[in-house]
Number of protein chains: 2
Amino acid sequence: MPETTWSALQDPNRRAVLDLLRQRPHAVNELVGALGASQPSTSKHLRVLREAGLVHVLRDGQRRIYAIDPAPLAELDGWLAPYRALWNRSLDDLGRHLDEHPEATEPEAQRPRRRDPKET
Amino acid sequence: MPETTWSALQDPNRRAVLDLLRQRPHAVNELVGALGASQPSTSKHLRVLREAGLVHVLRDGQRRIYAIDPAPLAELDGWLAPYRALWNRSLDDLGRHLDEHPEATEPEAQRPRRRDPKET
DNA sequence: CAGATATATATCTGTCAAGGTATATCACGC
DNA sequence: GCGTGATATACCTTGACAGATATATATCTG
């Protein structure tokens with residue numbers, strides 16, 4: 001998986017853009033309004049997403065309509081796949097382990113409690 | 001999903017650590033060797049992973065054994081979930097769409113532009 | 001053509017993170 | 001306790017990146 005996918009997704013504004021584009025394509029000025037960021041800043045974020053292959057642009061007159069391109073996300077999903085086995089069996093396994101070694105849990109905000117199949 | 005998860009995963013060294021820890025827990029010096037990074041650098045990466053809740057540490061004498069903590073990855077998986085529908089139906093849907101609108105797929109790099117006074 | 005609108009780019013600046021070196025901390029064997 | 005090995009932290013320097021302002025480019029309207 002290319003490095004650009006990770007660095008593009010690391011920024012919250014860009015993830016917010018993707019969350020919007022996931023529902024429907026948007027023109028730039030719509031995204032500017034939704035993000036509350038300046039227009040140049042938004043354009044720069046869109047450029048990063050474009051170069052990472054996460055979005056593509058269509059011209060509509062003087063507007064540019066941005067739409068999502070899910071391929072890199074599918075790659076991310078592929079990267080995640082081998083880990084999936086871990087938390088599947090961890091949900092009961094890890095809970096037991098944490099009971100025995102509570103010092104191993106660092107001050108993290110809030111992680112899913114013991115075994116709760118439908119979290120998030 | 002906490003910002004720390006993304007920023008922790010954005011670094012290739014830290015992803016490499018996770019790839020190692022996915023298989024089995026490792027002591028720090030093992031990770032140092034595997035990454036080819038310096039020991040302080042490795043420790044710093046481990047700290048970031050720890051604070052992101054992606055790994056936890058167990059003491060074994062004077063060693064620290066790091067093991068993976070998949071909960072944040074499960075959260076990432078949850079973030080990814082709503083996008084999954086996109087590339088699932090994209091596989092046939094998008095293909096049909098592209099047949100109808102081939103101009104939409106042009107990489108904006110070399111699209112023939114109208115009258116350009118000083119191109120290249 | 002002029003002017004307005006939509007978007008991109010250039011430039012600067014402050015912030016933050018990564019890598020390196022040196023050093024501190026902690027556990028071990030003697 | 002002492003020297004040694006394992007790991008963490010402090011400090012410094014450098015590079016990348018986000019945000020802001022100004023400007024360029026392209027399109028539309030009249």
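Protein chains get the first letters and strands the later ones, always in sequence-line order, with residue 1 at the start of each.
In this entry the distance linking CG of L58(A) with C1' of dA6(C) reads 16 Å, nearest Å. Nucleotide dT7(D) holds its P atom 10 Å from the CG atom of D60(B), rounded to whole Å. The distance between atom CH2 of W6(B) and atom C1' of dA17(C), rounded to the nearest whole Å, is 19 Å. Distance K44(B) NZ to dA10(D) P: 11 Å, rounded to the nearest Å. Residue Q62(B) contributes atom CD, which lies 17 Å from atom P of dG3(D) at whole-angstrom precision. Between H45(B) atom NE2 and dA17(C) atom C1' the separation is 10 Å, expressed in whole Å. The distance from atom CG of L35(B) to atom P of dG20(C) is 12 Å, rounded to the nearest whole Å. Straight-line distance from the CZ atom of R47(A) to the C1' atom of dC17(D): 14 Å, rounded to whole Å.
Relative to the side chain of V28(B), the nucleotides dT21(D), dA18(D), dT7(D) differ in distance, and dT7(D) lies closest. With dT7(D), dT7(C), dA8(D) as the candidates, the nucleotide lying closest to the side chain of R63(A) is dT7(C). The side chain of S38(B) lies closest to dG20(C), out of dG20(C), dA8(D), dA18(D). With dT9(D), dT27(D), dA18(D) as the choices, the nucleotide that has an atom nearest any side-chain atom of R59(A) turns out to be dT27(D).
Searching all strands for a Watson-Crick or G-U wobble partner of dG30(D) with both distances below 3.5 Å returns dC1(C).
Within the 4.0 Å cut-off from OP1 or OP2 of dA6(C), not a single side-chain nitrogen or oxygen of Y66(A) is found. The shortest distance between the side-chain N/O atoms of N29(A) and the OP1/OP2 oxygens of dT7(C) is below 4.0 Å.
Electrostatic pairing of R15(B) and E3(A) counts as a salt bridge here, judged by a charged N lying under 4.0 Å from a carboxylate O.
For Q23(B) (side chain) and D19(B) (main-chain N/O), a donor-acceptor pair under 3.5 Å exists by modelled atom type.
A continuous path of Ile, Leu, Val, Met, Phe, Trp and Tyr side chains, each step under 4.5 Å between heavy atoms, connects L21(A) with W79(B), placing both in one hydrophobic cluster. Under the 4.5 Å side-chain heavy-atom criterion for grouping Ile, Leu, Val, Met, Phe, Trp and Tyr, L20(A) is connected to Y66(A) within one hydrophobic cluster.
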* I would like to know whether T4(A) and E51(A) meet side chain to side chain contact (heavy atoms under 4.5 Å, CB included); could you show each step before the answer? => CA-CA 8 Å; T4(A) 53; E51(A) 289 174 346; over 6 Å; no

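Side chain Q39(B) to base dA8(D): a donor-acceptor pair is found below 3.5 Å.
Positionally, the nearest nucleotide of DNA chain D for S41(A) lies more toward the 5' end than for the other of R64(A) and S41(A).
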